[in-house]
Undergrad: 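Can you read through this structure? Questions will come right after.
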Amino acid sequence: MAAADTLGRERRPPGFEQVIGQSVAIRQTIALAAKVALSDATVLLLGETGTGKELFARAMHASSTRADRSFVALNCSTFSKELMESEVFGHRAGAFTGAMRDKKGLIEEADGGSLFLDEIGEMQMGLQAKLLRVLETGEFFKVGSNVSDRTDVRIISATNRDLKEEVSQGRFREDLFYRLNVFTLQLPPLRERKGDILLIAEHFLGVFAEKLGKDITGMTQAFADVLCRQMWRGNIRELKNVIERAIILTEGKVLDVDSLPVQMQAESPQLQPLTLFDLASVEKMHIQRVLKYTDGNKVEAARLLNIGLTTVYRKIEEYGLQ
Ligand SMILES: Nc1ncnc2c1ncn2[C@@H]1O[C@H](COP(=O)(O)OP(=O)(O)O)[C@@H](O)[C@H]1O
Ligand SMILES: [Mg+2]
């Protein structure tokens, strides 16, 4: 394994410096990604939203022999079929209304480099066939052209869908699936590497404090506890946003729970409504619980509470219990 830095952290392979995390899961993923990055193999990145698929695609490009050429990213869900075809493959002048001159497609822009196809599961069937051709022969047709062009791109694609399921539903070409699936990398969700949460949070704390020119040096224990208890369905993207928001809202030197989104604050035992901190409410709740346990038997409740029976009656009246 790679050498460690002065903090005892494992040094990242070149290109992967921006990937934060020390969990076994992320280290194994980085090691695999770094290995396959050196080959020209087509890579399919799988993982929930925000797990770092694009970050890994860029890192793999940066550590590949194609690093000095372009990395071109395309989100397959953002264009209509027609626009997408001309966007990816380019077009000839006059191919359609408005096509005044020849236009290079992204696939040509990425020549010699890498083409990142994000949300590949959203790609239209017609385009899938054309992409398959590129993968098989390196050839493609510009829109409106009957002469093929050639390109040399490394394709890295990503999806948060179950592509196999898409294939069995007839929405994704099986042959393309196998072409894209030469090497699959599954990115672990944040909740399966909880040890990385605070590391990543501290990293973004530094990044945003500097960016926003704020002298914020850390977070309270309560803040850290809330972060560690979250499910993080939006994974690292969500965590990053939460930290940025907290930095914006914080006036002091440390991040505290009041800078978290309200629904997260609610999960912090430290910030329950204040009534829960006053002794009378706690006493009331406790007596109520004991009475429930004894099925309303006051003698039994007095014994368990270690107070006199008359006190029990008084408290019941005082708090309006039962
Ligand atoms: N391990 C990580 N360390 C630091 N930042 C990360 C990590 N993984 C993801 N990010 C950041 O989180 C955000 C979402 O990552 P992205 O690659 O766009 O996720 P995906 O494409 O899977 O939805 C980006 O800003 C990215 O830089
Ligand atoms: Mg993405």
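One-based numbering, in listed order, for ligands and for the atoms of each.
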Undergrad: Just checking, any donor-acceptor pair under 3.5 angstrom between side chains of Arg237 and Thr49?
TA: yes
Undergrad: Considering the heavy atoms of Thr49, write down every atom of ligand 1 situated less than 4.0 Å from one of them.
TA: 23 (O)
Undergrad: Who's the nearest protein heavy-atom neighbour of atom 11 (C) of ligand 1, and how far?
TA: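 Going by distance alone, atom 11 (C) of ligand 1 is nearest to Ile236 CG2, 3.8 Å.
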Undergrad: Just going by heavy-atom distances, which of Arg193, Glu119, Glu54, Glu48 is nearest to atom 21 (O) of ligand 1?
TA: Glu54
Undergrad: Which is closest to atom 13 (C) of ligand 1 by heavy-atom distance: Gln18, Lys53, Arg237?
TA: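 Closest candidate by heavy-atom distance is Arg237.
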Undergrad: Would Arg161 and Glu166 pass as an ion pair if we require N to O under 4.0 Å?
TA: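 A salt bridge is present here (some side-chain N lies under 4.0 Å from a carboxylate O).
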Undergrad: Can you list the atoms of ligand 1 that are under 4.0 Å from a heavy atom of Val19?
TA: 1 (N), 3 (N)
Undergrad: State, with a plain yes or no, whether a side-chain heavy atom of Ile236 is found less than 4.5 Å away from one of Asp196.
TA: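 When only atoms from C-beta onward are counted, Asp196 and Ile236 do not touch, as no gap falls below 4.5 Å.
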Undergrad: I'd like to know if Leu115 and Leu46 are part of one continuous hydrophobic network [Ile/Leu/Val/Met/Phe/Trp/Tyr, side-chain heavy atoms within less than 4.5 Å].
TA: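 Yes, it is one cluster - the side chains of Leu46 and Leu115 are joined through contacts under 4.5 Å.
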Undergrad: For atom 5 (N) of ligand 1, what is the nearest protein heavy atom, given as residue, atom name and distance?
TA: Phe204 CZ, 3.5 Å
Undergrad: Ignoring hydrogens and geometry beyond distance, is a side-chain donor-acceptor pair present between Asn235 and Thr51 at under 3.5 Å?
TA: no
Undergrad: Atom 25 (O) of ligand 1: which protein heavy atom is closest, and how many Å away?
TA: Lys240 NZ, 2.6 Å
Undergrad: Counting non-hydrogen protein atoms only, what is the nearest one to atom 1 (N) of ligand 1? Give residue, atom name and distance.
TA: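 For atom 1 (N) of ligand 1, the nearest protein heavy atom comes out as Ile20 O, 3.0 Å.
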Undergrad: Which residue holds the protein heavy atom closest to atom 19 (O) of ligand 1, what is that atom called, and what is the gap in Å?
TA: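 Sorting protein heavy atoms by distance from atom 19 (O) of ligand 1 puts Gly52 N, 3.2 Å first.
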Undergrad: What is the nearest protein non-hydrogen atom to atom 23 (O) of ligand 1, stated with its residue, atom name and distance?
TA: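 Going by distance alone, atom 23 (O) of ligand 1 is nearest to Gly50 N, 2.7 Å.
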Undergrad: Using the ring of each side chain (for Trp, its six-membered ring), is Phe56 parallel, tilted or perpendicular to Phe16, with breaks at 30° and 60°?
TA: perpendicular
Undergrad: Report the part of Phe16 (side chain from C-beta onward, or backbone N, CA, C, O) that has a heavy atom under 4.0 Å from ligand 1; answer both or neither where that applies.
TA: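 None of Phe16 does.
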Undergrad: If hydrophobic clusters are built by linking Ile, Leu, Val, Met, Phe, Trp and Tyr wherever their side-chain heavy atoms come under 4.5 Å apart, do Val182 and Phe116 end up in the same one?
TA: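 They do not share one cluster, since no chain of ILVMFWY contacts under 4.5 Å joins Val182 to Phe116.
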Undergrad: Among protein heavy atoms, which sits nearest to atom 27 (O) of ligand 1, and what does the distance come to when rounded to 0.1 Å?
TA: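 Closest protein heavy atom to atom 27 (O) of ligand 1: Leu55 CD1, 3.9 Å.
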Undergrad: Does Glu174 pair with Lys164 as a salt bridge, N-O distance under 4.0 Å?
TA: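 No, no charged N to carboxylate O under 4.0 Å.
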